[in-house]
Amino acid sequence: MRPLLLFCSAMLATGSFSMEQKTALAPEVIIAYRVLEVFPTSRRVLITCHSPQGTPPITYSLWGSQDIEVAKKVVKGHDPASFSINVTLKSRPDLLTYTCQAATSSGTRTASTKLQMYWELWAKPVSQLQADFTLLDRGSGPRVEMSCQASSGSPPITYSLVGKDGHVHLQQTPHYGQPANFSFPLTETSRWFQCQAQNDVNVQSSPLTLVPPGQLPKGPTFVLAASLTSIAAIASGMLGWTAWTRL
């Protein structure tokens, strides 16, 4: 009986391996979104559905809460399907849940994970704020340019150029996913600045950065670079300049 037991074990192992292979090769459906417009109680959103391993033609369906089919599109190639929809704030977060379903001509149907639009569009805090300072001399005098952007957070996000004393010097609310860009001239004294990002959930500030004082010296580019290097060495280890250039 031992050979028979070994044979049965081998058959079971082979069947298990085959099942694992089929599971691994199941087509994945990816759901993603991008905010197009922001309104007081709604957002215009572009939702994309994509099954990279699926065999075309693929029928993509966008499903909302309570199993309601929102839209359907047939894609003949390997490109994703895009759906532009208006998402309105509801009283219950679960009413703003979306999923994608991909169906191939062979009958295979695969669904994506759920996209919780309420938490994405109305309740996501500002996080990973990045502020980059650049010192430039364009001929009309030295200026400081700052680019500020949070990697995530529910729109709209308002960015502010804030001094060490808390005074707001400049403010912008760019389109969602775009950075805020501030530009201001150097003064006779050094000053501390930081970027502040705020939405309806929270406020986040970047570290304070010291902006050096005075006019940039005239002369060749290498003299300018050397002078600015000296300023940077004297000022502070917290300097965050991305470039010291004379354009």
Side-chain angles (χ1 to χ4, degrees), residues 19-130 148-159 173-180 197-204:
M19 186 176 297
E20 289 177 0
Q21 277 189 322
K22 290 180 180 178
T23 302
L25 294 177
E28 178 188 14
V29 180
I30 302 170
I31 184 171
Y33 77 96
R34 180 166 60 91
V35 178
L36 301 178
E37 291 183 89
V38 177
F39 304 102
T41 59
S42 65
R43 310 285 188 262
R44 192 70 184 170
V45 178
L46 185 71
I47 296 180
T48 58
C49 304
H50 192 204
S51 179
Q53 292 83 28
T55 303
I58 302 175
T59 301
Y60 290 99
S61 302
L62 179 65
W63 292 81
S65 306
Q66 301 176 341
D67 295 330
I68 299 175
E69 188 178 49
V70 178
K72 180 184 288 186
K73 186 175 293 186
V74 178
V75 178
K76 297 181 179 180
H78 291 280
D79 296 326
S82 298
F83 303 98
S84 179
I85 63 172
N86 190 56
V87 181
T88 305
L89 180 62
K90 304 287 189 210
S91 58
R92 287 167 44 195
D94 60 294
L95 296 178
L96 292 177
T97 301
Y98 293 88
T99 57
C100 284
Q101 186 182 88
T104 62
S105 56
S106 61
T108 303
R109 293 179 178 270
T110 310
S112 69
T113 57
K114 292 183 178 180
L115 182 60
Q116 305 283 353
M117 296 304 293
Y118 172 80
W119 303 109
E120 294 289 333
L121 299 179
W122 278 279
K124 197 172 187 178
V126 173
S127 64
Q128 299 181 23
L129 180 62
Q130 178 70 36
C148 187
Q149 185 175 12
S151 63
S152 64
S154 299
I157 300 176
T158 299
Y159 297 92
T173 305
H175 291 295
Y176 183 72
Q178 298 297 317
Q198 180 178 3
N199 64 2
D200 292 335
V201 184
N202 71 326
V203 180
Q204 190 174 72

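Closest approach of V87 to V45, counting heavy atoms only: CG2-CG2, 4.0 Å. Of all non-hydrogen atoms in A197 and L129, the two that sit nearest each other are CB-CD1, 3.8 Å. Residues A111 and V29 come closest through the heavy atom pair C-CB, 4.2 Å. When all heavy atoms of I157 and T173 are compared, the closest pair comes out as O-CG2, 3.6 Å. In plain terms, the two heavy atoms of V126 and N202 that are nearest each other are N-OD1, 2.7 Å. The minimum heavy-atom distance between A123 and P125, with the atom names listed, is O-CD, 3.5 Å.
Q149 places no side-chain N or O within donor-acceptor distance of the main-chain N or O of Q130, the cut-off being under 3.5 Å. In this structure, S154 contributes its side chain and E120 its backbone to a donor-acceptor pair below 3.5 Å. A donor-acceptor pair under 3.5 Å is formed between the side chain of H50 and the backbone N or O of H78. Judged by distance alone, with hydrogens and angles left aside, the side-chain atoms of T110 form no donor-acceptor pair with the main-chain N or O of A102 at under 3.5 Å.
Y176 meets the side-chain contact (heavy atoms from CB on, under 4.5 Å) test with Y33, V35, P155; sequence neighbours excluded. Legend: residues meeting side-chain hydrogen bond (donor to acceptor under 3.5 Å, both in side chains) with Y98, ordered by chain and number and at least two apart, are absent. Residues passing the side-chain hydrogen bond (donor to acceptor under 3.5 Å, both in side chains) test with Q128, sequence neighbours excluded: S151. Residues satisfying the side-chain contact (heavy atoms from CB on, under 4.5 Å) criterion with A180, sequence neighbours excluded, are Y159, Q172, P174, F182. Applying the side-chain contact (heavy atoms from CB on, under 4.5 Å) test to T55 and every residue at least two apart in sequence or in another chain returns nothing. Checked against side-chain hydrogen bond (donor to acceptor under 3.5 Å, both in side chains), S152 has the following partners two or more places apart in sequence or in another chain: S127. Under the salt bridge (Lys or Arg N to Asp or Glu O under 4.0 Å) criterion, D200 pairs with no residue, sequence neighbours left out. Contacts of T59 classified as side-chain hydrogen bond (donor to acceptor under 3.5 Å, both in side chains), with partners at least two apart in sequence or in another chain: none.
Applying the salt bridge (Lys or Arg N to Asp or Glu O under 4.0 Å) rule to pairs touching residues 36-47 yields nothing, sequence neighbours excluded. Screening residues 73-123 for disulfide (SG to SG under 2.5 Å) gives C49-C100 as the qualifying pairs, with residues at least two apart or on separate chains. The list of side-chain hydrogen bond (donor to acceptor under 3.5 Å, both in side chains) pairs with a residue in residues 100-109, not counting sequence neighbours, reads Q101-R109, T104-S106, S106-T108.
Residue T97 forms a side-chain hydrogen bond (donor to acceptor under 3.5 Å, both in side chains) with just one option from K114, Q66, Q116, and that option is Q116.
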Considering only distance and modelled atom types, tabulate donor-acceptor pairs under 3.5 Å from the side chains of residues 67-77, sequence neighbours left out.
residue, atom, partner, partner atom, Å
E69, OE2, S61, OG, 3.2
K73, NZ, S82, O, 2.6

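Between L89 atom CG and Y118 atom OH the span is 6.5 Å, to the nearest 0.5 Å.
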